[in-house]
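All values reported here derive from a predicted model rather than from experimental measurement. The figures that follow rest on heavy atoms only: side chains count, while hydrogens, waters and symmetry mates do not.
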Amino acid sequence: MGTERRPTPIEEVLGLRFEDPALLEAALTHRSYAFERGSVVTNERLEFLGDAVLGLVITDLIFRAYDDRPEGELAKLRAAMVNMTTLADVARDLGLGRQILLGRGEELSGGRNKSSILADGLEAVFGALYLDQGLVTAHAVLEKVFWPRITAYVRGEGDRDYKTILQEKVAQDLGRVPEYRVEERGPDHEKEFTATVYLAGREFGTGVGRSKKEAEQRAAREAHARLNQDAAELAKEH
């Protein structure tokens with residue numbers, strides 16, 4: 001009798017065990033790792049599949065749960081769940097960065113915390129899970145992982161697309177478009193971005209992040225909160 005395989009950390013946190021461990025290993029194999037070893041096996045095809053699985057499951061969940069919401073609201077909610085920032089945050093919560101197989105160059109440049117690598121790796125795991133255990137199991141796992149974020153978003157908590165929210169509000173209230181200015185500093189593997197958003201020529205919010213997008217979202221969030229506080233005053237000036 002053979003020794004039973006111990007579950008990997010990602011299997012433990014997801015509460016399952018892959019029937020084909022090679023699928024999971026492929027899902028965790030970044031192209032930099034494969035290139036250094038002369039292998040053709042990377043997680044890119046599984047990422048492609050996982051993206052579709054994720055989109056279907058999230059769409060199904062919110063379609064059934066929020067039958068009173070119009071298509072536009074559902075589309076925004078889905079976009080908030082499947083964007084790179086959210087997926088990278090989920091991957092960090094699951095500890096996925098420690099398990100991804102990276103080449104030496106990516107390892108040294110901070111690849112284990114890069115949002116793009118984390119998001120792609122998570123989608124690849126979802127694709128591998130679908131192939132290994134089917135849509136029913138994939139649906140159950142994704143619901144467990146994403147449902148708290150979905151409900152938090154609907155309540156107005158958690159990560160939201162504040163750039164879009166701010167743009168729509170400013171266009172409606174002021175007939176203008178927010179302007180973003182971004183500065184960056186630090187070496188390539190530890191860049192820090194600072195974004196400032198201007199409304200009608202006035203500085204209205206700043207945000208700092210590891211990416212330009214993250215910094216802009218944080219600046220937009222701050223500006224949105226401030227705009228809600230003194231929208232009447234700003235409107236009088238213009």
Side-chain angles (χ1 to χ4, degrees), residues 10 13-15 27-28 30 43-44 46-66 69 71-100 110-130 138-168 180 182 191-193 195 197 205 207-225:
I10 190 64
V13 74
L14 293 178
L28 297 174
H30 187 259
N43 62 6
E44 292 176 347
L46 289 172
E47 172 206 337
F48 169 76
L49 177 61
D51 176 70
V53 173
L54 176 66
L56 172 61
V57 172
I58 295 297
T59 301
D60 180 71
L61 283 172
I62 63 177
F63 181 85
R64 295 176 188 274
Y66 302 107
R69 304 295 176 99
E71 181 271 342
E73 288 188 24
L74 295 179
K76 288 181 181 179
L77 175 53
R78 178 178 60 192
M81 293 301 109
V82 302
N83 64 67
M84 183 180 68
T85 299
T86 298
L87 294 180
D89 286 344
V90 171
R92 292 185 182 99
D93 289 346
L94 298 176
L96 189 63
R98 297 189 297 271
Q99 302 171 63
I100 294 177
R112 294 197 182 281
N113 196 43
K114 285 185 180 177
S115 292
S116 58
I117 291 177
L118 291 170
D120 292 349
L122 186 66
E123 288 181 331
V125 170
F126 294 153
L129 177 60
Y130 166 74
H139 192 293
V141 170
L142 285 167
E143 180 175 3
K144 180 176 71 173
V145 170
F146 281 91
W147 186 247
R149 290 178 179 268
I150 290 172
T151 55
Y153 181 92
V154 171
R155 291 195 304 267
E157 305 167 7
D159 295 325
R160 308 188 73 174
D161 184 2
Y162 278 97
K163 283 190 68 175
T164 298
I165 293 171
L166 180 66
Q167 181 170 322
E168 291 175 351
Y180 294 86
V182 181
K191 283 230 181 273
E192 181 180 85
F193 295 82
V197 59
V208 178
R210 294 290 299 275
S211 68
K212 178 181 176 182
K213 180 178 179 180
E214 183 180 37
E216 288 179 339
Q217 283 287 349
R218 290 178 175 174
R221 181 173 187 168
E222 182 177 292
H224 182 262

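Side-chain contact check for Val208 versus Glu192: some heavy-atom pair is nearer than 4.5 Å. Counting heavy atoms from C-beta outward, Arg149 and Asp93 have side chains that approach closer than 4.5 Å. Within the 4.5 Å cutoff, side-chain heavy atoms of Leu77 are placed close to those of Val154. In this structure, Asp120 and Asp51 have side chains that are not in contact, with every pair of non-hydrogen atoms separated by 4.5 Å or more. Two residues are said to be in side-chain contact when any heavy atoms from C-beta on lie closer than 4.5 Å; Leu96 and Arg92 fail this criterion. Using a 4.5 Å heavy-atom cutoff, the side chains of Leu118 and Leu87 are not in contact. Inter-residue side-chain proximity for Lys163 and Gln217 is flagged as met; some heavy-atom pair is nearer than 4.5 Å. Residues Thr59 and Leu74 are not in side-chain contact: their nearest non-hydrogen atoms beyond the backbone lie 4.5 Å or more apart.
With hydrogens and angles disregarded, a donor-acceptor distance shorter than 3.5 Å links the side chain of Arg112 to the backbone of Ile100. Here the side chain of Thr151 pairs a donor or acceptor atom with the backbone of Pro148 at under 3.5 angstrom. Side chain of Glu123 to main chain of Leu54: no donor-acceptor pair is present (N/O by atom type, distance under 3.5 Å, no hydrogens or angles). A donor-acceptor contact shorter than 3.5 Å links the side chain of Thr86 to the backbone of Ala80.
Contact check on Arg218 versus Glu214 returns a salt bridge, with a Lys/Arg side-chain nitrogen under 4.0 Å from an Asp/Glu carboxylate oxygen.
Rounded to the nearest 0.5 angstrom, Asp89 CG and Met84 CE are separated by 10.5 Å. The line from CG of Leu61 to OH of Tyr66 is 9.5 Å long, rounded to the nearest 0.5 Å.
In this structure, Lys76 fails the cation-pi test against Tyr153, since its NZ or CZ atom is not both closer than 6.0 Å to the six-membered ring centre and inside 45 degrees of the ring normal.
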Task: Candidate pair Leu28 and Asn43, rule side-chain contact (heavy atoms from CB on, under 4.5 Å), full reasoning - done: CA-CA 6 Å; Leu28 297 174; Asn43 62 6; over 6 Å; no
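Contact between Ala65 and Trp147 at its shortest, heavy atoms only, is CB-CH2, 3.4 Å. Considering every non-hydrogen atom in both Ala27 and Leu46, the closest pair reads N-CD1, 3.6 Å. Nearest heavy-atom pair, Gly209 versus Ala215, reported as atom, atom and distance to 0.1 Å: N-CB, 3.8 Å. Across every non-hydrogen atom of Ile10 and Gln99, the tightest pair is N-OE1, 2.9 Å. The minimum heavy-atom distance linking Ile117 with Gly111 is given by the pair CD1-O, 3.7 Å.
In this model, a donor atom of one side chain and an acceptor atom of the other lie less than 3.5 Å apart for His139 and Asp60.
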